[in-house]
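A note on names: the letters A, B, ... follow the listed sequences, proteins ahead of strands, and every chain is numbered from 1. The shown structure was predicted, so the numbers you read here are calculated from the model rather than taken from an experiment.
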Number of protein chains: 2
Amino acid sequence: MAAAHPSPPGGAARTEAPSRRDQILTEAARLFARHGFHGVSIADLGAAVGVSGPALYRHFPGKEALLAELLIDISERLLDGGRERVGHGDPRAALAALVDFHVAFATREPELIVVQERDLANLPDEARRTVRRLQRTYVELWVDTLRRVHPGVAPAEARTVAHGVFGLLNSTPYAPRADQAAARGADARVAVLRRMALAALDAAPA
Amino acid sequence: MAAAHPSPPGGAARTEAPSRRDQILTEAARLFARHGFHGVSIADLGAAVGVSGPALYRHFPGKEALLAELLIDISERLLDGGRERVGHGDPRAALAALVDFHVAFATREPELIVVQERDLANLPDEARRTVRRLQRTYVELWVDTLRRVHPGVAPAEARTVAHGVFGLLNSTPYAPRADQAAARGADARVAVLRRMALAALDAAPA
DNA sequence: AGGCGGTGTTAACAATCGTTAACCACCGGC
DNA sequence: GCCGGTGGTTAACGATTGTTAACACCGCCT
């Protein structure tokens, strides 16, 4: 019934045929973002990728493991991306680069942002610790850079500032409308949020 | 086993003995914030207030109704508080007053902030529409005030700015530590977030 | 040809949860 | 001194859900 394109066996499709596993992860992000982890059943998830029910256990050991993979992956991507941008010289430039990176990420993958800040509590203990550690390291990246720009700022205050900027930049999922000349609107939002973040970072220290 | 102070029958206790109903709402906010709506069972909730299980049905028609009351109440309080602060003259002063109000609210009741932005999707349809309408009106309060300060800003852009500032101010729940000389720390955070928000609002228009 | 790993399917299970039923204790007012 | 309302209890029900079992098909490799 699924009428599956078996994907051309000879060469890679134009843009890398997405494996079933990746399809599942993508749909899971979408559905978890919309309805919350507990608001999506395994059956719903299967239906969303065209298979039904327990077929998911061929790809993941369980529902929580699926969430864990989503959240660990996004945390690692954030941390890696952040690390790439804090190396070179000028701390002010590094801070701006962090802002650009984070806002681009949040704009490109709003579902993952939503899931990460909402469903952390539904992770099994070990995965949750892992994600928390990655997140904390990412925050410290910001804190260190910020304190190189403003040496007077206490660590606790810098952390408040960092969390505040995350909240600001992560507000993209609550965009007024998703359609309406999407590209233009998204670009404009990015520019606005960028300006706001840089101003907020500058104003933070007394 | 509960060893309940029956609360002095003659006069009101020093600070208004909290009714069982209010106890339940308070604990519900705490638990929903920590574990999510679906992560808290009716039995958990009962246990948290010292009764067990279905006793809650003496006070609320159901679990969803409980959530609805929490969210509608907070939305109304935000809207009412906002309305009180946008009346008089100077738009710039009004905007600052909105910031002060919102950050105070988010600092005083972080659990409600978390629940509101996380569990809206778990509301039954009618209540969700009600909450959405209240939230939208609150946002429009900000949008109108912002556009009186910066007349050039388009409505869509102003909405982006407002949501961004909410994200910034609502970041208080992710405070570094809840203890550590709580009062001092909270006051300092409020001041930092206030400065950041005002700077971001000023920088938003091109 | 034959077997095997990968990927589905449906049916069944056990657990959990929201909700209801039936019953009971206390307490203030006629 | 009964009596009803208020707020509590435990037991049971029905639905949903995550997970497992048992089975089937298909393409590839030897």
Using atom [atom1] of [X] as one end and atom [atom2] of [N] as the other, report the distance to the nearest whole Å.
{"X": "B:F60", "N": "C:dT19", "atom1": "CZ", "atom2": "C1'", "value": "16 Å"}
{"X": "A:K63", "N": "C:dT16", "atom1": "NZ", "atom2": "P", "value": "15 Å"}
{"X": "B:D44", "N": "C:dT16", "atom1": "CG", "atom2": "P", "value": "12 Å"}
{"X": "A:Y57", "N": "C:dT10", "atom1": "OH", "atom2": "P", "value": "16 Å"}
{"X": "B:H38", "N": "C:dG18", "atom1": "NE2", "atom2": "C1'", "value": "10 Å"}
{"X": "A:I24", "N": "C:dT7", "atom1": "CD1", "atom2": "P", "value": "10 Å"}
{"X": "A:L56", "N": "D:dT17", "atom1": "CG", "atom2": "C1'", "value": "13 Å"}
{"X": "B:L66", "N": "C:dT19", "atom1": "CG", "atom2": "C1'", "value": "14 Å"}

- request: Looking only at side-chain atoms of B:S41, point me to the closest of D:dT17, C:dT10, C:dG18.
  value: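 Selected nucleotide: C:dG18.
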
task: Mind checking A:V49 for me? I need base, sugar-phosphate or nothing, with any heavy atom below 4.0 Å counting as a touch.
output: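 Since no nucleic acid heavy atom lies under 4.0 Å of A:V49, the category is nothing.
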
task: Tell me what B:G53 touches on the nucleic acid: a base, only sugar-phosphate, or nothing, going by heavy atoms under 4.0 Å.
output: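 Nothing, no nucleic acid heavy atom in range.
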
field: End-to-end axis angle, where each axis spans five pairs of the helix from C:dA1-D:dT30 to C:dC30-D:dG1, to 10°
entry: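 About 10° separates the two local helix axes.
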
message: Base of C:dG8, side chain of A:R58 - is there a donor-acceptor contact under 3.5 Å?
response: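 Yes.
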
query: Closer than 4.0 Å, any side-chain N/O of B:R20 to the OP1 or OP2 of D:dT6?
result: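 Answer is no, no contact under 4.0 Å.
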
- prompt: If only side-chain N and O atoms of A:H59 are considered, is one of them under 4.0 Å from the OP1 or OP2 phosphate oxygen of C:dG8?
  reply: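 Answer is yes, contact under 4.0 Å.
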
task: Using atom types as modelled and distance alone, determine if a side-chain donor or acceptor of B:R85 lies under 3.5 Å from a backbone N or O of B:A94.
output: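 Not at all, since once roles are kept as given, no pair shorter than 3.5 Å links the two residues.
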
query: Under 4.0 Å between a Lys/Arg side-chain N and an Asp/Glu carboxylate O for B:E27 and B:R30?
result: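 The answer is yes: the pair qualifies as a salt bridge.
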
- prompt: Going by an N to O cut-off under 4.0 Å, is there a salt bridge joining A:R128 and A:D125?
  reply: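 So A:R128 pairs with A:D125 through a salt bridge.
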
field: Residue whose closest nucleotide on DNA chain D lies nearer the 5' end, A:F37 versus B:V51
entry: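 Of the two residues, B:V51 wins.
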
task: Could you tell me whether the side chain of B:L120 reaches within less than 4.5 Å of the side chain of B:L123, counting heavy atoms only?
output: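 Yes; the side chains approach each other to less than 4.5 Å.
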
Sequence neighbours excluded, every pair satisfying side chain to side chain donor-acceptor pair (under 3.5 Å) that has a member inside residues 42-54 of chain B: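 Counting only pairs at least two positions apart or across chains, the side chain to side chain donor-acceptor pair (under 3.5 Å) contacts touching residues 42-54 of chain B are B:S41-B:D44.
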
query: Hey, what's the ring geometry for B:F101 with B:Y138, parallel, tilted or perpendicular (30° and 60° as the breaks)?
result: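 The rings of B:F101 and B:Y138 stand perpendicular, inter-plane angle above 60°.
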
message: Checking B:H38 against B:F32 for the ring-ring contact (aromatic ring centres under 6.0 Å, His included) test, could you report, in this order, the C-alpha distance in whole Å, the side-chain angles of both residues, the deciding distance, and whether it holds?
response: CA-CA 8 Å; B:H38 284 119; B:F32 289 168; 9.5 Å; no

